[in-house]
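A short worksheet on the structure shown next.
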Amino acid sequence: MDRVPGYEPGGRGFESCQARQTYFDNMKIQKLNKYFGAKISEINLSDFSSYIYDDLKKLLIDFGVLVFEHQKLNESDHLKFSKLWGNLQVHVLNQYNNRSNPEFFILSNFIDGKPKGEIPDPGAAIWHTDGSWSKNRGLVTILYSLKIPPIGGNTLFCDMKNAINLVNNDLLEKIENLPIIHDLNYSRTLTKAVNQMTEKQKKEAPPVKQNIYRNIPENNTKCIYLGEHASHIESLDIEEGRKIIQTINEMATADENIYDHIWSEDQIVLWDNRRVMHKATNFDIMKYERTIRRTTTIGDVLP
């Protein structure tokens with residue numbers, strides 16, 4: 001794999017001090033899609049030091065999605081690495097949270113070694129942006145793969161920065177100044193989840209208003225902020241608003257604008273929720289196990 005131009009150690013992408021240069025000497029970067037995404041090779045995140053954070057932050061802001069292969073992170077390593085990116089979300093859907101470390105959202109179709117009869121998280125099967133249903137919106141999501149099926153169970157990513165070039169401008173102008181209501185309970189009902197939200201969870205995650213755009217201030221980038229947590233558009237008939245949301249989602253997820261990530265075990269994948277939507281693909285949930293450990297930071301500006 002070749003280095004991406006401009007990301008030589010000590011070059012534009014990285015600080016030039018000797019400690020950083022040594023750390024990145026063997027690192028290689030490969031683009032995943034012509035618009036976004038990068039695979040980072042020859043780097044060990046379990047031996048990660050906080051002084052490297054600024055350099056990885058630059059990569060994430062530039063590429064939106066980062067893939068790190070051949071990682072060995074225990075729960076402590078995963079938490080330590082995640083907390084460098086910001087405060088961690090404890091998800092309102094607490095049935096998926098790890099009991100000892102509730103910051104971990106566990107995505108698995110197996111319980112006690114047996115299939116539970118549904119995909120790891122039914123909400124992951126639709127296009128969405130993590131935490132858009134909350135005032136404390138998702139910022140960086142970090143997944144670590146523990147068990148992966150031999151086929152299927154991929155994660156698709158869509159670049160919402162480039163989506164602006166794909167979506168009919170008249171649609172965007174029509175709703176640019178109208179609040180869009182994001183509602184976790186609404187998106188949950190779109191799935192085949194065995195357990196829908198409890199009344200307590202609904203109260204803890206009420207609908208919120210979002211703008212059609214979300215900004216990335218670090219590089220002055222504007223991205224469409226949508227997905228299927230978006231329930232309807234204020235001031236428009238509900239069905240009309242939902243049709244507009246669906247149309248924009250379909251335009252944004254054109255094939256050219258998607259990176260299809262095929263998982264292997266011991267990978268770390270992290271992404272900027274200001275820039276990308278994502279969804280999981282199907283696999284044989286009764287035959288194969290897919291278990292992934294997730295953390296998500298909350299906020300609008302990377303620390």
Side-chain angles (χ1 to χ4, degrees), residues 35-36 64-65 89 91-93 121-141 156-191 193 196-197 201-254 257-258 271-280 296-301:
Y35 301 116
F36 73 113
V65 177
Q89 175 196 68
H91 205 289
V92 67
L93 297 178
D121 171 19
I126 58 177
W127 283 109
H128 67 286
T129 300
D130 289 338
S132 73
W133 45 266
S134 173
K135 290 182 179 179
N136 294 317
R137 300 184 293 185
L139 182 53
V140 178
T141 295
L156 306 180
F157 294 95
C158 168
D159 185 9
M160 301 306 281
K161 173 185 175 183
N162 184 61
I164 292 176
N165 300 318
L166 302 175
V167 174
N168 186 302
N169 194 54
D170 290 340
L171 281 180
L172 295 175
E173 288 183 353
K174 181 173 183 177
I175 63 174
E176 184 170 6
N177 297 312
L178 299 179
I180 298 175
I181 311 304
H182 288 237
D183 184 353
L184 179 59
N185 182 53
Y186 167 75
S187 62
R188 190 77 176 168
T189 62
L190 298 178
T191 73
Q196 294 292 321
M197 291 180 70
Q201 289 171 337
K202 292 176 187 177
K203 290 178 180 178
E204 292 175 348
V208 298
K209 297 179 181 180
Q210 307 284 11
N211 189 272
I212 185 61
Y213 296 114
R214 189 170 180 184
N215 296 320
I216 303 177
E218 294 90 342
N219 59 3
N220 196 31
T221 295
K222 182 168 72 172
C223 305
I224 294 175
Y225 193 58
L226 210 54
E228 296 192 50
H229 291 320
S231 166
H232 58 281
I233 301 172
E234 195 170 88
S235 302
L236 294 182
D237 173 80
I238 288 183
E239 292 307 316
E240 179 187 5
R242 287 179 177 171
K243 185 175 181 180
I244 290 173
I245 291 168
Q246 181 182 12
T247 299
I248 293 175
N249 283 336
E250 289 175 353
M251 290 180 175
T253 53
N257 205 34
I258 290 175
W271 63 86
D272 188 336
N273 282 292
R274 298 171 298 184
R275 179 165 176 181
V276 298
M277 295 197 302
H278 64 285
K279 65 177 288 189
T296 301
T297 70
I298 52 178
D300 278 295
V301 179

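- Heavy-atom contacts from other residues, nucleotides or ligands closer than 6.0 Å to CG of N219 number more than 12.
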Practice problem: Give the C-alpha distance, both sets of side-chain angles, the deciding distance and a yes or no for side chain to side chain contact (heavy atoms under 4.5 Å, CB included) between R214 and D300. | Solution: CA-CA 9 Å; R214 189 170 180 184; D300 278 295; 3.1 Å; yes
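- The salt bridge (charged side-chain N to carboxylate O under 4.0 Å, His left out) test applied to R274 returns E218, D272, not counting sequence neighbours.
- One finds the CG atom of N211 at 11.0 Å from the CD1 atom of I224 (value rounded to the nearest 0.5 Å).
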Exercise. Please step through side chain to side chain contact (heavy atoms under 4.5 Å, CB included) for the pair Y35 and N257, ending with a clear verdict.
Key: CA-CA 7 Å; Y35 301 116; N257 205 34; 3.9 Å; yes
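- The side-chain contact (heavy atoms from CB on, under 4.5 Å) test with V276 is passed by exactly one of L156, T129, V65, D130: V65.
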N/O donor-acceptor pairs under 3.5 Å from side chains in residues 175-183, not counting sequence neighbours:
unit_1 : atom_1 : unit_2 : atom_2 : d
H182   : ND1    : S132   : OG     : 2.9
D183   : OD1    : N185   : N      : 3.0

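- Under the salt bridge (charged side-chain N to carboxylate O under 4.0 Å, His left out) criterion, the residue pairs touching residues 159-172 are D159-R275, with sequence neighbours excluded.
- The structure places CH2 of W271 at 7.0 Å from OG1 of T296, a figure rounded to the nearest 0.5 Å.
- At a threshold of 4.5 Å between non-hydrogen side-chain atoms, the residues M277 and H128 do not count as touching.
- Here L171 contributes atom CG and I244 contributes atom CD1; the two are 6.0 Å apart, rounded to the nearest 0.5 Å.
- Summarising the geometry of A254 relative to L166, their closest heavy-atom pair is CB-CD1, 4.3 Å, with the distance given to 0.1 Å.
- Nearest heavy atom pair, residue L184 against residue A205, reads CD2-CB, 4.5 Å.
- In this structure, L226 CG and I248 CD1 are separated by 5.5 Å, a value rounded to the nearest 0.5 Å.
- The shortest heavy-atom contact between Q89 and H91 is OE1-CD2, 3.4 Å.
- Residues Y225 and N273 come closest through the heavy atom pair CE1-O, 3.9 Å.
- With sequence neighbours left out, the salt bridge (charged side-chain N to carboxylate O under 4.0 Å, His left out) criterion links K209 to E234.
- Between the NZ atom in K222 and the CD1 atom in I212 there is a gap of 10.5 Å [rounded to 0.5 Å].
- Looking at N249 and W127, their side chains never come closer than 4.5 Å, going by heavy atoms from C-beta outward.
- Nearest heavy atom pair, residue R137 against residue S134, reads CG-O, 3.2 Å.
- Qualifying salt bridge (charged side-chain N to carboxylate O under 4.0 Å, His left out) partners for K174, counting only residues two or more places apart in sequence or in other chains: E240.
- Between Q201 and Q196, the shortest heavy-atom distance links the atoms OE1-O, 4.4 Å.
- Atom CD1 of I258 sits about 8.0 Å away from atom NZ of K279, to the nearest 0.5 Å.
- Looking at heavy atoms from C-beta onward, S187 lies out of side-chain contact with W133 at the 4.5 angstrom threshold.
- Scanning for side chain to side chain contact (heavy atoms under 4.5 Å, CB included) contacts around I238 gives H232, R242, with sequence neighbours left out.
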